Amino acid sequence: MKYRSVFDIIGPVMIGPSSSHTAGAARIGRVARSLFGREPKWANISLYGSFAKTYKGHGTDVAIVGGLLDFDTDDVRIINAIDIANERGIKLRFIEEDAITDHPNTARVIIGDDKGELELVGISIGGGKIEVTELNGFELKLSGNHPAILVVHNDRFGAIANVSNVLAKYEINIGHMEVARKEAGKLALMTIEVDQNIEDKILHELEQLPNILKVTKIVD
Amino acid sequence: MFRNVAELVELAISKNKKISEIMIEQEMDVTGRSREEVMAFMDRNLKVMEEAVERGIKGVKSHSGLTGGDAVLLQKYIEKGNFLSGKTVLDAVSKAVATNEVNAAMGTICATPTAGSAGVVPGTLFAVREKLNPTREEMVAFLFTAGAFGFVVANNASISGAAGGCQAEVGSASGMAAAAIVEMAGGSPEQCAEAMAITLKNMLGLVCDPVAGLVEVPCVKRNAMGAANAMVAADMALAGITSRIPCDEVIDAMYKIGLTMPTALKETAQGGLAATPTGRELEAKIFGIPRV
């Protein structure tokens, strides 16, 4: 089941006008920002399908940028997000793509600064709910049914064991887990779905572990 | 966890509880949150809805200038007393319009189930309040009942206009509202499901064709009719009228219609009202250049 909580249906509280094209778009931007870990210096945002056709009317562009600035769906600053980004010297580029994607509301967000970059593909499936389908070239298969975290880490022995030990300490049960890497010994990604909600202090503790680069909660 | 309307109704009957109560218990179970937390969170959503209605019936205007002020016109008309349909129905319509006018003006709203369809549930709730004088807790329960039916639609069909057309948004919202009205008025769980079925049947096939891609024309007026549809269907269900097609099959039909609906009519602003001469003209005026 894609939707677990009644608050996916009655909610979110948000700035209009569209839950999928505004609130969902803001959430896609915010997940990218959260995974990047800091404010980017530039962003290339590709929009597909209905996103590409109607983004101006729905404020999809403004909302994604609002998310990149770490604004939540009900933050009124979303309305002026592009101006705020310009003031902060963030270079923005929007690309209307013609390619047909699996889901009509798809955005590919590439953000970066002089220290690094991040590429994320998100889909907005309705009512403000989103799924992340791709991160830095890693395909993600998240059901969206359970709370989930993404752990970007160095591909070294013990990294996975350390993360699962911390979760075990807090009595958090892992329901599904995937580990992917592009090259042995380089960057890798753990996608972990759990049965209990993960508090922020646990995320911080995970981030302190050796070889763990970034931890982000993507499904509440 | 209930997967469809039949299971939801069955659960409510076997436990001798209201639909809203089944939804509250499931939410506590799934999220591990306490009853107080779950109720408080919904109360916050109710407050946002109330503020949007209040703001809208005072009058707002969207940036494009396409929508705003209709909720005020209708409230003034109701006050004169010469209306033809009914006070509660028109009040629901006015308050649904108010919410969507606020949404179109990039104001703060609560998506129910989406922003484009955010007017129907609060519109009917705040109109029915005048008639039934519910407690605050009963108003919160209204939202859980609406949420329970929306939950089934979202998981078995869709609540996205881009995926299923307006039937998936205002259609779902209207069905959710009808079911919640029935519960608040003292109807049975079965009658809630009948109201949902009757409502959604009359929204099947509704396309999503926003002029200039804006959530304004025809979205605001579709919320108006979604609210009216919900009110009438709720009365029909309370009168004992049933749907020949069971609620779950209506939801499934909605899903399949959405799949076969052309992309031009699914929130791409390429067909329907968006592609009319006036629709195109408005688009050109707002964005400077017409889109191909």
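Source: prediction; values computed, not measured. Letters go in sequence order (proteins before strands), and every chain restarts at 1.
Between the side chain of Ser19(A) and the main chain of Ala115(B), a donor-acceptor pair closer than 3.5 Å is present. Asn45(B) places a side-chain N or O within 3.5 Å of a backbone atom of Ile10(A) that can act as its donor or acceptor partner.
Taking chain A as the reference chain and counting heavy-atom pairs below 4.5 Å, the highest number among Gly107(B), Gly116(B), Ala104(B) is found for Gly107(B). Counting heavy-atom pairs under 4.5 Å between each of Asn155(B), Val121(B), Thr263(B), Val211(B) and chain A puts Asn155(B) at the top. Of the listed residues (Asp8(A), Asp74(A), Thr22(A), Val6(A)), the greatest number of heavy-atom pairs within a distance under 4.5 Å of chain B belongs to Val6(A). For the set Gly59(A), Ser124(A), Pro104(A), Gly49(A), the count of heavy-atom pairs under 4.5 angstrom toward chain B peaks at Pro104(A). Heavy-atom pairs under 4.5 Å with chain B were tallied for Ala23(A), Ser50(A), Ser18(A), Gly126(A); the largest tally goes to Ser50(A).
Side-chain contact between Ile9(A) and Thr112(B) is absent, with no heavy-atom pair separated by less than 4.5 Å. Contact annotation: the side chain of Thr108(B) approaches that of Ile15(A) to within less than 4.5 Å [non-hydrogen atoms, C-beta and beyond]. With a 4.5 Å cut-off on side-chain heavy atoms, Ser160(B) and Asn105(A) count as touching. In this structure, Met106(B) and Val76(A) have side chains that are not in contact, with every pair of non-hydrogen atoms separated by 4.5 Å or more. In this structure, Lys53(A) and Glu267(B) have side chains that are not in contact, with every pair of non-hydrogen atoms separated by 4.5 Å or more.
In Glu139(A), the CD atom is not crowded: 12 or fewer heavy atoms of neighbouring residues, nucleotides or ligands sit closer than 6.0 Å. At most 12 non-hydrogen atoms from other residues, nucleotides or ligands lie less than 6.0 angstrom from NZ of Lys221(B). For Ile100(A), the CD1 atom is loosely surrounded, since the number of other residues' heavy atoms within 6.0 Å does not exceed 12. More than 12 heavy atoms of other residues, nucleotides or ligands shown are found within 6.0 angstrom of CD on Glu7(B). Around atom CZ of Arg3(B), no more than 12 heavy atoms belonging to other residues, nucleotides or ligands sit under 6.0 Å away. Counted within 6.0 Å of NZ on Lys61(B), heavy atoms from surrounding residues, nucleotides or ligands total more than 12; the atom is thus considered enclosed. No more than 12 heavy-atom neighbours from other residues, nucleotides or ligands sit within 6.0 angstrom of CZ on Arg93(A). In Phe94(A), the CZ atom is crowded: over 12 heavy atoms of neighbouring residues, nucleotides or ligands sit closer than 6.0 Å.
The line from CZ of Arg33(B) to OG of Ser5(A) is 7.0 Å long, rounded to the nearest 0.5 Å. Note: Lys129(A) NZ to Ile159(B) CD1 = 10.0 Å, rounded to the nearest 0.5 Å. Atom CG of Leu143(B) is separated from atom CZ of Phe7(A) by 9.0 Å, given to the nearest 0.5 angstrom. Expressed to the nearest 0.5 Å, how far NZ of Lys56(A) lies from CG of Leu214(B) amounts to 11.5 Å. Here the CG-NZ distance, from Asn156(B) to Lys2(A), works out to 11.5 Å after rounding to the nearest 0.5 Å.
For a residue to count as touching a neighbouring chain, one of its non-hydrogen atoms must lie under 4.5 Å from one of that chain's; by this rule Met23(B) touches chain A with the side chain only. Of the atoms belonging to Val153(B), not a single heavy atom falls under 4.5 Å from chain A. With a 4.5 angstrom heavy-atom cutoff, Ser20(A) touches chain B only via side-chain atoms.
Checked against the 6.0 Å centroid threshold, Tyr3(A) and Phe151(B) do not count as a close aromatic pair.
Interface with chain A: from residues 169-177 of chain B, residues Met176(B) qualify, criterion being any non-hydrogen pair under 4.5 Å.
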